[in-house]
Amino acid sequence: MTLSGRTILLVISGGIAAYKSLELIRRLREHGAVVRPVMTKAAEAFVTPLSVGTIAGGKVFSDLFDRNDEHDVGHIRLAREADLVLVAPASADMMAKVAGGFAPDLATAVLLATRAPVLFAPAMNPAMWANPATQRNVARLRDDGARFVGPARGEMAESGEAGLGRMSEPADIVAAVEAILGGAAPGQGPLAGIRMIVTAGPTHEPLDPVRYIANRSSGKQGFAIAEAAAAAGAIVTLVAGPVALADPAGVTVVRVETAAEMLAAALAVLPADVAVMAAAVADWRAATPKGRKIKKAAGEPPRLDLVANPDILATIARHGTLRPALVIGFAAETDDLIANARAKLAAKGADWIVANDVSSGTGVMGGDDNTVHVVTADGVESWPRSGKGTVAARLVGRIAEALSQRRTAAE
Ligand code: C5P
């Protein structure tokens, strides 16, 4: 009952994903939350207030100037009594209105009036999500302090089109709510005062000014770990390769492009207590990236001369007195997962390797779920398939436990 005694104001805006709100309300209530739903007119076209009210176990609010509601609760009181305002699904139109400070209906008026944290779970067609106007609004909302969960990549319910725009699954939205409401105040929490480096995302290794070597890493797992660690009170620096993810709340983010830049940025963070190296660093780079675009001449294609990149994890794990007390690496494998992870543990000098099985269809680079096994000198812990946010929260819990065991052992 992690959300016991918490009031979540759930704003449901228009979109086919509104059908998932019922499942979301059910899960929030299972975690102990009181859910007060506010529906826009557009939302009522997709899910009925009767079903929302029934699952929420109370009244559904929708009219700004309903005399009864305004007398009884009123939009200011609704806004003030919430511990968190969750907008799920958040349509492009809803985010545009909130970003612009417009309040034409109850949902937007509440969002303008609230002082509680606001979490958006966007859901829309991939083209609408990618539209620069939407991206501008999202950036503005983030600047204003709003948080986001998703959107996820997948097939759109209405068109069968695939892309970034699906609303995150209810379980992942609940995990994001827990991360915010369970988040420690500065200087508190299980990782209070712990300095942590997290690397995430791919690296881009230039061949010439327009071409580069890259991989499919989305950075989602590393970003989720940085966010969960910060919510647990850690002082986190996230060194991120080129990814399309916004800075997680409460985290210092250093954006880099190449492995060499990632190594320099990671070393600059030392000393640190914990290093979590979740980046998919390119193994090789061009020996001599060309200063001008390589011409497509007739005849033989050009030969690429590659050289090995530095191993950031191994460098940090063998950094003498500056080695963090706990160094954690990742390993994406399709075969002999555990044996390969064990070998990596030794080869890189890491304390733990979080191995993810990329053959099972989950944990595939860029996806939202992960199936991981935590391999240490003491054994292997296998975790069930779950959202990357859930994996992050669990890993942060294990880190806190390990640090506290070490402290007890040292006393
Ligand atoms: O050897 P492999 O790439 O499978 O190892 C994966 C682990 O090593 C990850 O934790 C990754 O972040 C780290 N790594 C690194 N620098 C490299 C290659 C891998 O930090 N050049």
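In each ligand, atom 1 is the first atom listed, and ligand 1 is the first ligand listed. For clarity, every value in this text was computed on a predicted model and none was experimentally measured.
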Side chain to side chain contact (heavy atoms under 4.5 Å, CB included) partner of Met196, the single match among Val276, Ile328, Asp273:
Val276

Shortest protein contact, atom 4 (O) of ligand 1 (heavy atom only)
Lys344 NZ, 2.5 Å

Only heavy atoms count here, so choose which of Val354, Leu313, Ile328 is nearest to atom 20 (O) of ligand 1.
Leu313

Glu333 with Lys344: basic N within carboxylate O range, under 4.0 Å:
yes

Quick test: of every protein heavy atom, which one is nearest to atom 18 (C) of ligand 1, and how far off is it to 0.1 Å?
Val281 CB, 3.8 Å

Judged by non-hydrogen atoms, does Lys348 sit under 4.0 Å from ligand 1?
yes

How close does the nearest protein non-hydrogen atom get to atom 16 (N) of ligand 1, and which residue and atom is it?
Ile312 N, 2.9 Å

Do NZ/NE/NH1/NH2 and the carboxylate oxygens of Arg318 and Asp311 come within less than 4.0 Å?
no

Does any N or O in the side chain of Asn131 come within less than 3.5 Å of the main-chain N or O of Ala133, such that one atom is a donor and the other an acceptor?
yes

Hey, is ligand 1 close enough to Ala280 that some N/O pair sits below 3.5 Å?
no

Side-chain ion pair, Arg211 and Asp208, N-O less than 4.0 Å:
yes

Check whether any N or O atom of Gly329, backbone or side chain, sits under 3.5 Å from an N or O atom of ligand 1, and answer yes or no.
no

Within the structure, does Asn309 bring an N/O atom to less than 3.5 angstrom of an N/O atom in ligand 1?
no

I need the atoms of ligand 1 closer than 4.0 Å to a non-hydrogen atom of Met277, numbered in the order shown.
9 (C), 10 (O), 11 (C), 12 (O)

In this structure, which one of Asp369, Val391, Thr390 forms a side chain to side chain contact (heavy atoms under 4.5 Å, CB included) with Arg385?
Asp369

Side chain, backbone, both or neither: which part of Pro310 has a heavy atom under 4.0 Å from ligand 1?
backbone

Does this structure show an ion pair linking Glu23 with Arg26, if we count only N-O contacts that are shorter than 4.0 Å?
yes

N-O pairing of Asp144 and Arg140 below 4.0 Å:
no

Is it the case that ligand 1 has an N or O less than 3.5 angstrom from some N or O of Ala279?
yes

Do me a favour and list the nearest non-hydrogen protein atom to atom 9 (C) of ligand 1 with residue, atom name and distance?
Phe330 O, 3.1 Å

